[in-house]
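Worksheet: one structure, shown below.
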Amino acid sequence: METALAKTPEKRQVIFLAILLLLWESGSEAIRYSMPEETESGYLIANLAKDLGLQIGELSTRGARIHHNGNKELLQLDAKRGNLLLKEKPDREALCGATEPCVLHFQIILENPVQFFQTDLQLTDINDHSPEFPDTEMLLKIQESVQPGTVFPLKAAQDSDIGSNAVQNYTVNPNLHFHVLTHSHTDGRKYPELVLDRALDREEQPELTLILTALDGGAPPKSGTTTVRIEVVDINDNAPQFVQSLYAVEVPEDSPLNALVVTVSARDLDTGIHGNVAYSLFQGSGGLQPFVIDEISGEIRLKGALDFEATPYYNMEIVATDSGGLSGKCTVSIQVVDVNDNAPKLTISSLTRSIPENAPEAVVAVFSVSDPDSGDNGRVLCSIQNELPFLLKPTFKNFYTLVTESPLDRESRAEYNITISVSDLGTPRLTTQHTITVQVSDINDNAPTFTQTSYTLFVHENNSPALHIGTISATDADSGSNGFINYSLLPPHDQQLALVSLISINSDNGQLFALRALDYEAVQAFEFHVGATDGGSPALSSQALVRVVVLDDNDNAPFVLYPLQNASAPCTELLPRAAEPGYLVTKVVAVDADSGQNAWLSFQLLKATEPGLFNVWAHNGEVRTARLLSERDVPKHRLLLVVKDNGEPPRSASIMLQVLVVDGFSQPYLPLPEVALNPTKEEDMLTLYLVIALASVSSLFLLSVLLFVGVRLCRKARAASLGDCSIPEGHFPGHLVDVSSAGTLSQNYHYEVCLTEDSGTSDFKFMNPIIPTSLLQDS
Ligand SMILES: *[C@@H]1O[C@H](CO)[C@@H](O)[C@H](O)[C@H]1NC(C)=O
Ligand SMILES: *[C@@H]1O[C@H](CO)[C@@H](O)[C@H](O)[C@H]1NC(C)=O
Ligand SMILES: *[C@@H]1O[C@H](CO)[C@@H](O)[C@H](O)[C@H]1NC(C)=O
Ligand SMILES: *[C@@H]1O[C@H](CO)[C@@H](O)[C@H](O)[C@H]1NC(C)=O
């Protein structure tokens with residue numbers, strides 16, 4: 001009990017209690033009770049009367065009371081029964097705090113006589129408090145480089161309970177990195193320490209949360225928890241690492257400058273400046289690198305032109321460095337992709353610009369083609385225009401020859417523009433064209449050709465000498481001297497034809513000239529050949545027939561055959577006085593040396609002694625009586641007739657005719673010039689008879705002669721007529737008579753006649769038949 005008092009803290013009541021204790025020491029010893037804290041009020045602690053050795057009613061009679069010494073009035077006295085009761089629920093922690101043992105001192109005071117009894121109440125601890133951490137969360141910053149085994153102090157938890165009810169143990173939730181150690185201070189208080197078991201990695205787990213639990217030693221134990229948040233502090237413990245160790249890219253060679261080739265990317269697991277990465281080119285193969293890398297973004301771009309043909313492949317090492325100097329590498333392999341950027345090239349090794357026509361196969365050109373691109377971009381195709389007679393022949397490797405497919409003909413085409421197209425098979429196709437101009441040189445393979453196979457030239461007779469009568473013309477398809485034409489006259493087949501004296505030719509232009517005047521009546525037509533010779537070697541020639549037709553001009557007057565006009569005395573016809581109207585007195589026969597309408601004759605009575613007595617038939621020259629003769633009519637008549645051709649201008653001849661009217665054919669006919677001019681009646685009669693007699697005899701004879709002459713004339717005329725220049729029968733005007741063949745003699749009157757020159761005698765002289773020479777000479 002003394003020890004308990006000795007431990008009383010220095011408080012007022014403690015001092016007061018000490019005084020009482022001095023008073024009490026003489027009396028009796030202190031009575032001590034013990035009970036757990038937090039006992040419910042009304043609890044019977046003990047029977048005080050019995051413990052003090054008093055009678056049951058003595059406590060009430062002696063006025064027993066409890067002196068609390070200024071302590072909390074925890075106790076209550078039941079004086080009647082002598083019981084000590086708990087007045088209020090006691091809390092040890094409030095009454096004693098950390099003091100141990102927790103003893104409350106109070107006195108029982110009795111009167112009559114005054115008596116003091118010392119009583120102690122010890123409160124024992126129960127586990128009525130949990131451990132409590134000062135903060136709900138603790139923050140720890142730990143570098144990830146900290147070694148395992150490193151210890152980190154933690155704030156301890158508080159527990160108002162004492163002894164084993166205080167904090168006994170700290171635990172942490174199971175985790176990979178930490179465990180907790182529980183240590184004791186010298187006063188027995190426990191505190192926790194966090195121990196690192198396994199190294200931290202911020203990159204793996206930048207933050208950890210642990211739950212720290214403090215346990216007291218009560219039964220059952222109570223606990224308190226707090227959160228320990230651990231932030232892992234970064235150190236530069238990671239080198240940058242590329243996402244891919246190899247970047248393989250293909251870049252078309254025609255990519256523009258500054259084109260993005262590839263973006264490399266490296267990761268650094270560290271944060272902050274430790275995670276900042278700078279890219280750079282470490283090393284490269286393939287000579288000068290036409291690439292540049294962006295230090296920050298890692299974009300590799302083109303800074304120079306690519307050329308597949310020069311460098312098809314690049315290899316580079318890119319390094320990424322962080323601020324701490326750690327670095328990582330990757331490889332970038334760049335395949336340059338060929339683009340069809342080179343057009344095929346064509347190189348002519350030999351070229352012939354001029355090829356002779358008709359050559360069987362000639363080599364025009366030898367050339368080679370090339371294309372520096374690869375694959376299809378470098379494969380080439382050669383072609384020329386389809387329609388040309390040329391062929392491309394592949395020869396050696398990429399050499400080609402251009403040859404003629406078939407013999408050429410300069411006359412159909414003298415020049416060829418051959419376009420050689422060389423295209424590659426790339427996309428898009430590139431094509432190179434080269435045009436070769438080939439001239440076809442001339443060979444004299446074409447003879448001159450006349451524009452007509454025969455020429456007919458018409459010339460009017462009596463032309464002026466050296467008259468241009470026509471032009472012949474030939475063409476030659478060849479060129480140069482091969483096409484130059486020399487015209488010439490060829491020797492005539494007919495040896496008689498003195499052609500050289502008739503015709504001349506201009507050898508340059510083929511103009512034909514008549515050298516002298518032509519006479520239709522002499523030559524009506526003639527033909528000859530002309531030649532055209534070119535200037536080639538050997539020369540080629542051809543010929544054409546030229547027929548010259550002489551056209552008739554009206555240059556001959558009609559010629560009267562009967563009655564003969566050049567006689568000294570005109571012919572006298574006899575006319576019987578009794579002749580009926582329409583009696584044929586005579587028939588005038590005339591010829592014209594011209595032909596055609598120049599020989600169409602018409603007769604006309606110009607003058608007569610007795611107009612109205614005679615009619616002349618215009619178309620056949622027959623002179624007939626128009627009426628009956630009367631006694632009053634004079635016996636002698638003179639008729640003047642004219643015969644006119646139809647030429648332009650017309651030519652004519654006059655005919656003098658004498659008609660003697662006789663009274664019968666017995667009367668002698670005495671043709672006397674003087675009688676004719678001034679006849680007596682008797683003489684006239686005599687003459688008339690004579691004439692009648694003669695006429696009757698002669699008319700019989702005439703008939704036979706005419707027949708004979710007609711036959712001859714017909715034959716000769718047919719032979720003389722050359723060509724078909726005469727006007728057809730149908731167009732012949734009715735009042736005219738055509739004497740172009742046989743004069744005005746019809747079939748009935750064909751005869752040849754010649755009268756004696758001597759007009760002194762009136763005898764008819766019938767001589768050998770003659771032919772009108774002027775007409776028939778030429779045949
Ligand atoms: C603390 O608690 C742990 C786990 O509950 C236990 O293993 C350990 O023995 C305890 N320590 C003490 C001193 O009671
Ligand atoms: C060939 O080309 C030249 C020059 O371009 C041109 O004058 C000529 O007419 C052409 N010839 C042919 C046959 O196309
Ligand atoms: C034409 O040919 C003739 C002979 O056939 C010759 O004499 C003449 O010189 C030639 N003319 C030319 C221009 O060659
Ligand atoms: C009359 O002409 C013919 C023919 O021309 C001739 O034969 C004859 O001699 C000529 N007579 C006279 C007298 O001139």
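No experiment lies behind these values; they were computed from the predicted model shown. As a basis for the values below, the full set of heavy atoms in this structure was taken, side chains included, without hydrogen atoms, waters or symmetry mates.
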Other residues, nucleotides and ligands only: do more than 12 of their heavy atoms fall within 6.0 Å of CZ on Arg229?
yes

Counting heavy atoms not belonging to Gln244, are there more than 12 under 6.0 Å from its CD?
yes

Residues, nucleotides or ligands: over 12 heavy atoms within 6.0 Å of Glu309 CD
yes

Assess, by modelled atom type and distance only, whether the side chains of Thr213 and Thr225 contain a donor and an acceptor separated by less than 3.5 Å.
no

What I'd like to find out is whether the side chain of Phe282 reaches to under 4.5 Å of the side chain of Ser327, using heavy atoms alone.
no

So how far is it from Leu48 CG to Leu84 CG, rounded to the nearest 0.5 Å?
5.5 Å

Without hydrogens or angle criteria, can the side chains of Asp270 and Asn238 be said to hold a donor-acceptor pair below 3.5 Å?
yes

Got Val228 and Val172 here, is their nearest side-chain heavy-atom distance under 4.5 Å?
no

Can you tell me how the ring of Phe367 sits relative to the ring of Tyr400, calling it parallel under 30°, perpendicular over 60° and tilted otherwise?
parallel

Rounded to the nearest 0.5 Å, the CG atom of Asn340 sits from the CD atom of Glu253 at a distance of 9.0 Å

More than 12 heavy atoms of other residues, nucleotides or ligands under 6.0 Å from CZ of Arg301: yes or no?
yes

Over all atoms of both residues, closest heavy-atom pair of Leu85 and Gly42:
CD2-O, 3.8 Å

Indicate yes or no for a side-chain donor-acceptor contact from Thr432 to the backbone of Pro344 under 3.5 Å, with no hydrogens or angles considered.
yes

Any chance the side chains of Glu88 and Ser41 put a donor and an acceptor closer than 3.5 Å?
no

Donor-acceptor pair, side chain of Asn342 and main chain of Pro372, under 3.5 angstrom:
no

For Leu210 and Ile230: C-alpha separation, side-chain torsions, deciding distance, then whether side-chain contact (heavy atoms from CB on, under 4.5 Å) applies.
CA-CA 8 Å; Leu210 301 176; Ile230 296 161; 3.5 Å; yes

Ignoring hydrogens and geometry, is there a side-chain-to-backbone donor-acceptor pair from Glu144 to Arg202 under 3.5 Å?
yes

Working for side-chain contact (heavy atoms from CB on, under 4.5 Å), residues Leu281 and Ile318
CA-CA 5 Å; Leu281 183 66; Ile318 303 293; 3.7 Å; yes

To the nearest 0.5 Å, what is the distance between CD (Gln241) and NZ (Lys329)?
14.0 Å

Would the distance check show the side chain of Asn173 and the main-chain N or O of Ile211 forming a donor-acceptor pair, the cut-off being under 3.5 Å?
yes

Ile293 versus Val264: any side-chain heavy-atom pair under 4.5 Å?
yes

Heavy-atom count check: over 12 atoms from other residues, nucleotides or ligands less than 6.0 Å from Glu299 CD?
yes

Heavy-atom closest pair, residues Pro220 and Asn127:
O-ND2, 3.5 Å

Please check if the side chain of Arg62 supplies one atom and the backbone of Pro113 the other of a donor-acceptor pair under 3.5 Å.
yes

Please give me the minimum heavy-atom distance between Ser130 and Ser223, naming the atom from each residue.
CB-O, 3.8 Å

Between Asp341 and Asp373, what is the shortest heavy-atom contact and its length?
OD1-OD1, 2.9 Å

Heavy-atom side-chain contact between Ser368 and Lys345 under 4.5 Å:
no

A side-chain contact here means heavy atoms from C-beta on lying under 4.5 Å apart; do Leu306 and Phe291 qualify?
yes

Could you grab the distance from atom CG of Leu52 to atom CD of Gln115, nearest 0.5 Å is fine?
8.0 Å

I'd like to know if the side chain of Arg65 and the backbone of Leu77 have a donor-acceptor N/O pair within less than 3.5 Å.
no

Determine whether the side chains of His177 and Asp197 contain a donor N or O and an acceptor N or O closer than 3.5 Å.
no

Checking Leu86 against Glu40 for the side-chain contact (heavy atoms from CB on, under 4.5 Å) test, could you report, in this order, the C-alpha distance in whole Å, the side-chain angles of both residues, the deciding distance, and whether it holds?
CA-CA 8 Å; Leu86 198 57; Glu40 290 301 319; over 6 Å; no

For Phe152 and Phe178, take the angle between the two ring planes, folded into 0 to 90°, and tell me which bin it lands in: parallel under 30, tilted 30 to 60, perpendicular over 60.
perpendicular

What pair of heavy atoms forms the shortest contact from Pro131 to Leu215, and how long is it?
CG-C, 4.1 Å

If you count every heavy atom of other residues, nucleotides or ligands that lies below 6.0 Å from Lys303 atom NZ, does the total exceed 12?
yes

What distance separates Asp322 CG from Asn236 CG, expressed to the nearest 0.5 Å?
4.5 Å

Any donor and acceptor pair, going by atom type alone, linking the side chain of Ser323 with main-chain N or O of Ile273 inside 3.5 Å?
yes

Answer whether the closest heavy-atom distance between the side chains of Ile436 and His434 falls below 4.5 Å.
yes

Near Asn386 CG, under 6.0 Å, is it more than 12 heavy atoms from other residues, nucleotides or ligands?
no

Given 3.5 Å as the limit, does a donor-acceptor pair link the side chain of Thr226 with the main chain of Asp135, or not?
yes

If you define the side chain from C-beta out and look only at heavy atoms, does anything of Ser245 sit under 4.5 Å from Thr331?
no

Between CG of Leu425 and CG of Asp376, what distance do you get to the nearest 0.5 Å?
5.0 Å

Look only at the side chain of Glu37 and the backbone of Ile126, and say whether a donor-acceptor pair between them is shorter than 3.5 Å.
yes

Within the side chain of Tyr279, is there an N or O that forms a donor-acceptor pair under 3.5 Å with the backbone of Ile300?
no

Before you tell me yes or no, could you show the steps for Met35 and Ile45 under side-chain contact (heavy atoms from CB on, under 4.5 Å), namely the whole-Å CA-CA distance, both residues' side-chain angles and the distance that decides it to 0.1 Å?
CA-CA 8 Å; Met35 57 171 282; Ile45 301 168; 4.3 Å; yes

Just wondering, do Ile31 and Tyr33 contact through their side chains at under 4.5 Å, heavy atoms?
yes

Nearest heavy atoms of Tyr170 and Ala157, plus distance in Å
OH-N, 2.8 Å

